[in-house]
Engineer: 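For reference, the structure I am asking about is given below.
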Amino acid sequence: MNYLPAMLVLIRLTLRQTFNNRAAWWLTAAILAMAGGSPFLLRGDGTHHGLIQLVFTYPPAIVFGILLAGTLWLGASLTAHEITTGELTSVITKPVSPACLWVGKWLGMLAFNAALLLLAAAVYLAAVTVINRPYAEASPLHGHRVFRPDHQALFQQATARHAALQMTSADAAPSISQIFTTLKQETFRVVPGRSFTWTFPIPDEPRNTAQNPSRWSLRFHFRCDGRERVPLNGRWIVKTASGDIVEQPTGPIQDGMHQRSLSLPPDLPSGPLTLTFSNPAESAVTVFFDPQEPVVLLRAVSSFGSNLCRTFFVLFCFLGAAAALALTLGTLFSMPVTVFTAFALLFAITLSKAFASLPEPNHSHGPSGAGTAVGRFGEMLLVRLDQSTENINTLLPLSAFANAYHISNHQLLLAVVILLTALPVLLAAVGAAQLSRKEFF
Amino acid sequence: MKQTALETIALTKQFRDFWQRITVTAVKEVSFQVATGTVFGLLGPNGSGKTTTLRLMTGLLHPSSGCIRILGDSPTSLQTRRRIGYLPETDGFYEFLSGRDNLRFYAGLFGYSGREASRRADTLLDTVGLIRDAHRPVGEFSKGMKRRIGLAQALLNDPELLILDEPTAGLDPAGCRQVKELLRQRAQSGRTVVVSSHLLADIEDLCESVCILHQGRVVAQGRLAEMLEQREQHRFTTGVLTTAQCESLQESFLSITGSAALMDHPHRALESYFTQVVEQVGQPSS
């Protein structure tokens with residue numbers, strides 16, 4: 001265990017270096033302002049739910065963005081800058097292996113990020129508690145387990161239609177996902193006097209109802225064709241697997257996202273649960289449910305504080321991967337090139353995600369892509385980048401947290417395995433190899 | 001027969017540009033041996049390859065060809081690094097840390113625990129005369145103080161082989177003398193010291209053997225005493241003589257050798273005189 005004292009002094013030095021950096025203090029100030037101040041500046045659509053949605057969406061995302069940028073900057077300075085200034089020259093001639101050096105610096109960065117995230121989480125929690133205090137009785141904040149409807153039948157239809165198009169059409173047939181989306185758009189359209197039913201598979205799972213009484217709610221997202229500002233008076237009918245029926249009027253509501261409590265029993269039986277939306281005949285509007293997420297069932301499973309901790313832990317894992325990337329890039333390039341490369345990579349990934357979420361006609365998967373070869377090549381690169389980072393992107397908890405979805409243990413485990421273990425090990429191997437073969441002038 | 005602490009065999013270092021074209025050959029086929037328990041000097045004008053050779057010895061640069069054996073092992077092995085101390089030409093300290101904290105950090109890299117690291121740091125700060133400035137950030141140190149703290153970090157592990165690049169650069173004469181005395185003591189205790197410098201007086205004072213580099217090549221090497229000895233002349237040194245005694249001796253030399261001998265008072269080294277004067281001024285008047 002000879003490497004342990006060396007590792008400890010490297011961690012300690014890294015912490016002192018980062019806190020000694022003026023940029024770190026600006027970073028801390030910005031994070032505290034964003035986490036504690038920005039929630040009070042947000043103005044929603046006038047409803048409590050709308051305000052909470054904004055408070056859940058923007059401050060954590062901005063805090064994460066600032067921390068990510070800070071981590072990349074500080075991580076790059078710990079290797080690239082030290083090589084340039086000669087600080088690493090004396091260190092590298094001591095009996096410390098390049099891998100130990102890399103890991104020591106990385107653990108120091110993790111400790112720094114953990115301190116800032118804990119601080120940000122505490123300040124943010126306090127801010128959210130103050131904002132929600134007047135509504136705490138009626139609308140307590142939770143992390144929710146989400147149940148989505150089963151679209152298996154629709155997907156089979158899309159597959160069949162795709163196969164038929166491939167057989168008959170001379171042109172390139174649209175992808176299955178395109179056909180699937182189109183089918184959902186066609187199907188989730190409820191004209192006056194009609195209804196539509198979604199089926200939810202409720203799994204058989206242990207529920208500790210004594211300690212954590214289930215609270216069910218329903219969230220739906222719709223728009224009204226042409227007459228957006230005309231209120232809708234619909235009705236939801238829930239039928240459980242045991243045959244219990246619960247009816248829930250929507251009340252006069254306008255288009256957008258809505259959430260309603262459902263008085264379902266806490267020990268809901270497993271099996272199919274059906275949820276029917278009925279658009280009354282006297283209604284003046286046709287309801288178009290959002291094809292991506294028309295309706296979800298939510299069950300409160302964790303407190304807001306617990307879900308916040310889980311979210312910030314996954315963000316911590318992301319920052320760990322970012323620190324590893326910056327440290328390794330710093331062994332390869334000079335400080336300006338390292339910072340540029342890290343930010344360019346981040347920008348390219350963000351761009352690829354934005355590109356992938358564009359509506360179909362403008363999307364690269366569609367038939368009407370960019371005309372030039374350069375444009376097509378660019379599109380291809382963005383699509384490939386989006387696909388290759390898809391697994392990592394699904395781990396990012398910001399969207400789930402904004403929707404008050406519970407961050408599961410599975411997601412925490414994946415974050416630890418991928419972001420805090422696999423990626424850093426790979427990057428550490430590259431960084432250590434580079435430090436071994438690097439020449440210090 | 002002394003053992004060999006360091007050996008280079010046909011050591012060559014070529015620097016290349018981005019396209020792998022050779023831009024300069026800094027060290028060409030350099031071979032020498034350094035015996036254990038001696039002070040060895042690397043001499044040469046600017047750009048002769050001294051620093052490159054030292055960096056090759058410490059594993060900071062990798063040889064293009066040839067090899068180096070340090071204490072019987074490769075310079076990049078952790079075992080070797082545990083046994084050597086290195087003072088680089090440029091000070092690469094963490095400037096926001098104090099002198100003591102810098103030394104404690106480097107001691108930690110050798111695996112010393114907190115208490116032992118502190119003890120070693122304080123002992124060495126005292127040795128190099130910086131104990132009173134131990135709490136000041138290194139960024140506030142003068143060049144000479146940085147050299148002293150650099151020497152302290154090179155001595156942290158009590159190394160068997162000490163490699164020093166320009167150890168007296170920026171030091172005042174008293175500091176130079178102190179450093180040289182320290183290095184002499186190390187050699188007497190069986191440790192090996194390799195010094196690179198273009199200050200010839202320092203090398204002459206310190207080293208038993210030297211290697212002179214020019215444009216990356218070895219142009220002369222051997223024991224310094226043998227290299228500097230002028231075998232075609234003799235010198236006698238006596239106590240103070242009267243004028244009559246001097247004249248009598250001149251006559252004797254003339255009659256024996258057929259030529260007059262040069263007779264004058266010997267000169268002290270300026271460093272010795274300076275140190276004496278400064279010490280006298282510094283002493284409290286009784």
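Throughout, protein chains are lettered first and strands after them, A, B, ... in sequence-line order, and every chain is numbered starting at 1. Atom set for the values below is all heavy atoms of this structure, side chains included, hydrogens, waters and symmetry mates excluded.
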Engineer: Main chain of A/Val9, side chain of B/Arg104: is a donor-acceptor contact present, judged purely on distance under 3.5 Å?
Structural biologist: no
Engineer: What's the spacing between A/Glu87 CD and B/Leu97 CG if we round to 0.5 Å?
Structural biologist: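 Spacing of CD (A/Glu87) from CG (B/Leu97) equals 9.0 Å.
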Engineer: Return the set of residues passing ring pair (Phe, Tyr, Trp, His ring centres under 6.0 Å) with B/Phe15 (not counting sequence neighbours), or none when no residue passes.
Structural biologist: A/Phe441
Engineer: If you count heavy-atom pairs within less than 4.5 Å of chain A, which of B/Glu95, B/Glu89, B/Lys13, B/Gln79 leads?
Structural biologist: B/Lys13
Engineer: Would you compute the distance between atom CD1 of B/Ile163 and atom OG1 of A/Thr93 and round it to the nearest 0.5 angstrom?
Structural biologist: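 Between atom CD1 of B/Ile163 and atom OG1 of A/Thr93 there are 9.0 Å.
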Engineer: A quick test of your reading: do over 12 heavy atoms of other residues, nucleotides or ligands sit less than 6.0 Å from CZ of A/Phe19?
Structural biologist: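 Counting other residues, nucleotides and ligands, CZ of A/Phe19 exceeds 12 neighbours.
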Engineer: May I ask you to test the A/Val96-B/Phe110 pair for a side-chain heavy-atom distance under 4.5 Å?
Structural biologist: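 The answer is no, as the side chains (C-beta and beyond) never meet within the 4.5 Å cut-off.
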Engineer: For the OG1 atom of A/Thr85 and the CG atom of B/Asp91, what is their distance to the nearest 0.5 Å?
Structural biologist: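 Answer rounded to 0.5 Å: 11.5 Å.
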Engineer: Output the distance between atom CZ (B/Phe96) and atom CG (A/Asn21), rounded to the nearest 0.5 Å.
Structural biologist: 9.5 Å
Engineer: Closest heavy-atom contact between A/Ser90 and B/Pro88?
Structural biologist: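 Scanning both residues, the minimum pair turns out to be OG-CG, 3.8 Å.
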Engineer: Is A/Gln17 close to chain B through its backbone or its side chain, or both, or neither, when contacts mean heavy atoms under 4.5 Å?
Structural biologist: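 It is both, since atoms from each part get that close.
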Engineer: Surrounding CZ of A/Arg384 (heavy atoms of other residues, nucleotides or ligands, distance under 6.0 Å), is the total greater than 12?
Structural biologist: no
Engineer: How many angstroms lie between NZ in A/Lys94 and CG in B/Leu78, if you round to the nearest 0.5 Å?
Structural biologist: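 One gets 13.0 Å once the value is rounded to the nearest 0.5 Å.
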Engineer: Just verifying a value: how many Å separate A/Leu101 CG and B/Leu109 CG, rounded to the nearest 0.5 Å?
Structural biologist: 8.5 Å
Engineer: Answer with side chain, backbone, both or neither: which region of A/Arg12 has an atom nearer than 4.5 Å to a non-hydrogen atom of chain B?
Structural biologist: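 For A/Arg12, side-chain heavy atoms alone lie under 4.5 Å from chain B.
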Engineer: When you compare the side chain of A/Asn20 with that of B/Tyr94, does any pair of heavy atoms fall below 4.5 Å?
Structural biologist: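 No - every pair of side-chain heavy atoms lies 4.5 Å or more apart.
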Engineer: Taking side chain as everything from C-beta outward and backbone as N, CA, C, O, which of these in B/Asn157 sits under 4.5 Å from a heavy atom of chain A? Side chain, backbone, both or neither.
Structural biologist: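 Neither part, no heavy atoms under 4.5 Å.
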Engineer: Can you list the residues of residues 38-74 of chain B that sit under 4.5 Å from chain A, counting heavy atoms only?
Structural biologist: B/Arg55, B/Thr58, B/Leu60, B/Leu61, B/His62
Engineer: Among A/Thr89, A/Leu13, A/Leu88, single out the residue with the greatest number of heavy-atom pairs under 4.5 Å to chain B.
Structural biologist: A/Leu13
